[in-house]
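Written below as structure tokens is the structure these notes are about.
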Protein chains: 2
Amino acid sequence: MFSKRCEYGLRALTVIGEAGKEDRKVGIKEICNLAKTPESFTAKILQDLVRRNIIDSLKGPNGGFYFSKNLDDISIYDVVLAIDGEEIFTKCGLGLSECNAKKPCPFHNQFETVRSELFKVCSNNSLNELLEGFYKQVYNR
Amino acid sequence: MFSKRCEYGLRALTVIGEAGKEDRKVGIKEICNLAKTPESFTAKILQDLVRRNIIDSLKGPNGGFYFSKNLDDISIYDVVLAIDGEEIFTKCGLGLSECNAKKPCPFHNQFETVRSELFKVCSNNSLNELLEGFYKQVYNR
DNA sequence: CAAATATAGGACTAAAAAGTCTTTTATGCA
DNA sequence: TGCATAAAAGACTTTTTAGTCCTATATTTG
Ligand code: SF4
Ligand code: SF4
């Protein structure tokens, strides 16, 4: 469904978010140890998320990755969109670029339902909710 | 969502199914011309579908690919399962193999909804319905 | 300012998915 | 029986995704 980049990104963000609750920046090593993601690869993903203004970073001692936005204001959708793009939310299930919504095949509306359900899940849940649920579940914290 | 293999496979099957209505076997060239899929690649996919008993084939003159089953008895799900496997219908959206349904995070049930919606679309529609809808739509036949 | 620390950037390698090409095997028909 | 036809099989190449590693740049602190 989502790419590895996206999965790793989301997991890394939960670690950053959790640390942020104690106003702490986190380094890539700590992030990857907890999130269980490959270090260099995750670093690239996070660099990307900095560029796309999902997170911020600071170099040097006591530096690391952190959120300057409120976690409630960043949805899963925002992250997936930033990393994987909109395709998963818009692309036809049968991969047929030729046909359009004006003259849809019977599946069009049915796939639309699936896609919009996915969109709902992703956009109705913020990173804060991901933290409360996913993070605590997975890391037992 | 689905792999190229899966998309091409489904498209090719519509061509084979349509020809089957006039009791005709179809060769790979005709299939790929209509379905607009790469020939050698599609051939591999169809070989696979023969092995998995979705379709049958016959070599030699007047040979080609054909269905021996009734199109009503083959669902989109059957095809996706044969080509892409069950992952898309079962895998956690966050790619976390560690956690399970017994102690689910808040997203688990939400993703479950998406997955089961996808399953419903795929299993409630047979190749026959794909033909009636998709094929006629796309090829204007 | 210098040394230590941490992210950013760039150039890689590895693995998986997508796609091609050439040879072999089975079938029908003259 | 032999030739034409069409799928099957196998060995490739290409592209994309995943992942690594090394160097440069920014920041803190003594
Ligand atoms: S009409 Fe059918 S094939 Fe075309 S984009 Fe919609 S779902 Fe896909
Ligand atoms: S509990 Fe959450 S993270 Fe775990 S498998 Fe279910 S949806 Fe995925």
Side-chain angles (χ1 to χ4, degrees), chain A residues 1-13 15-16 19-20 24-33 35-68 80 82-85 87-88 91 95, chain B residues 1-13 15-16 19-20 24-33 35-68 80 83-85 87-88 91 95 97:
Chain A
M1 187 107 78
F2 302 138
S3 69
K4 291 286 174 198
R5 281 172 58 81
C6 201
E7 290 175 7
Y8 296 164
L10 281 168
R11 276 151 68 173
L13 289 184
V15 178
I16 300 169
R24 206 161 54 77
K25 303 188 188 70
V26 227
I28 188 70
K29 266 169 207 138
E30 185 181 345
I31 292 172
C32 295
N33 281 342
K36 285 182 202 116
T37 60
E39 197 174 307
S40 314
F41 192 36
T42 308
K44 291 288 182 202
I45 299 164
L46 292 182
Q47 276 171 40
D48 229 83
L49 289 173
V50 170
R51 264 182 242 117
R52 290 170 186 279
N53 290 313
I54 304 278
I55 47 177
D56 284 276
S57 70
L58 203 72
K59 292 180 179 177
N62 255 302
F65 297 94
Y66 63 99
F67 283 98
S68 45
V80 174
I83 299 182
D84 277 356
E87 268 216 339
I88 188 81
K91 219 191 95 186
Chain B
M1 187 108 74
F2 302 137
S3 68
K4 291 285 173 198
R5 282 171 57 80
C6 201
E7 289 174 9
Y8 296 164
L10 282 167
R11 275 150 70 172
L13 289 183
V15 178
I16 299 169
R24 210 161 51 80
K25 303 189 188 68
V26 227
I28 188 69
K29 266 169 207 138
E30 186 182 343
I31 292 172
C32 295
N33 281 342
K36 285 181 202 118
T37 60
E39 199 174 307
S40 314
F41 191 37
T42 307
K44 291 289 181 201
I45 298 164
L46 293 182
Q47 275 171 40
D48 229 82
L49 289 173
V50 169
R51 264 183 243 117
R52 290 173 185 276
N53 291 311
I54 304 278
I55 47 176
D56 284 274
S57 69
L58 201 71
K59 291 178 179 180
N62 254 301
F65 297 93
Y66 63 98
F67 283 98
S68 45
V80 174
I83 299 181
D84 277 356
E87 268 216 337
I88 187 84
K91 219 190 95 186
S97 46

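All figures in this text were calculated on a predicted structure; none of them were measured in a lab. In what follows, chains are A, B, ... by sequence order, proteins preceding strands, each numbered from 1. Only this structure's heavy atoms are used, side chains among them; waters, hydrogens and symmetry mates stay out.
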Spatial distance of atom OH (B/Tyr66) from atom CD1 (B/Ile55) [nearest 0.5 Å]
10.0 Å

Rounded to the Å, how far apart are A/Ile28 CD1 and D/dG19 C1'?
13 Å

Check ion pair B/Glu39-B/Lys44 (N to O, under 4.0 angstrom):
no

Atom NZ of B/Lys29 and atom P of D/dT5 are separated, to the nearest Å, by 10 Å

May I ask you to evaluate whether B/Arg51 reaches the phosphate of D/dA9, defined as a side-chain N or O under 4.0 Å from OP1 or OP2?
yes

Starting at CD1 of A/Ile28, measure out to OG1 of A/Thr42 and round the result to the nearest 0.5 Å.
5.5 Å

Answer yes or no: does a side-chain N or O of A/Tyr8 lie under 4.0 Å from OP1 or OP2 of D/dG19?
yes

Which nucleotide, D/dT20, C/dG19, C/dC21, lies nearest any side-chain atom of B/Ser40?
C/dC21

Base-contact (B) and sugar-phosphate-only (S) positions in nucleotides 10-15 of chain D, heavy-atom cut-off under 4.0 Å, - elsewhere:
BB----

Between A/Arg5 and D/dG19, is there a contact of a side-chain N or O with OP1 or OP2 at under 4.0 Å?
no

Quickly, which of B/Thr37, B/Asn33, B/Ile31 forms a side-chain contact (heavy atoms from CB on, under 4.5 Å) with B/Val15? Name it, please.
B/Ile31

Take the protein atom CZ of A/Phe65 and the nucleotide atom P of D/dT27, then report the distance between them rounded to whole Å.
14 Å

How long is the line joining CD1 of B/Ile83 and C1' of C/dA17, in whole Å?
14 Å

Which distance, rounded to the nearest 0.5 Å, do you find between the CD of A/Glu7 and the CD1 of A/Ile83?
10.5 Å

Can you sort out which residues in residues 55-62 of chain B have a heavy atom within less than 4.0 Å of DNA chain D? Ascending by number, please.
B/Ser57, B/Leu58, B/Lys59, B/Gly60, B/Pro61

Measure from the side chain of B/Val50, starting at C-beta and using heavy atoms only, and say which of D/dA8, D/dG19, C/dG19 lies closest.
D/dA8

Which whole-number value in Å describes the distance from A/Arg52 CZ to C/dA8 P?
15 Å

Flag the pair B/Glu30 and B/Arg24 as a salt bridge only when some basic side-chain nitrogen lies within less than 4.0 angstrom of an acidic carboxylate oxygen.
yes

Rounded to whole Å, please give me the gap between CD in B/Glu39 and P in C/dT20.
9 Å

Which of these nucleotides, D/dA18, C/dG9, D/dA8, is closest to any side-chain atom of A/Phe41?
D/dA18

Rounded to the nearest 0.5 angstrom, the CD1-OG distance for A/Ile45 and A/Ser3 is 7.5 Å

Do the side chains of B/Ile88 and B/Met1 get nearer than 4.5 Å, heavy atoms only?
yes

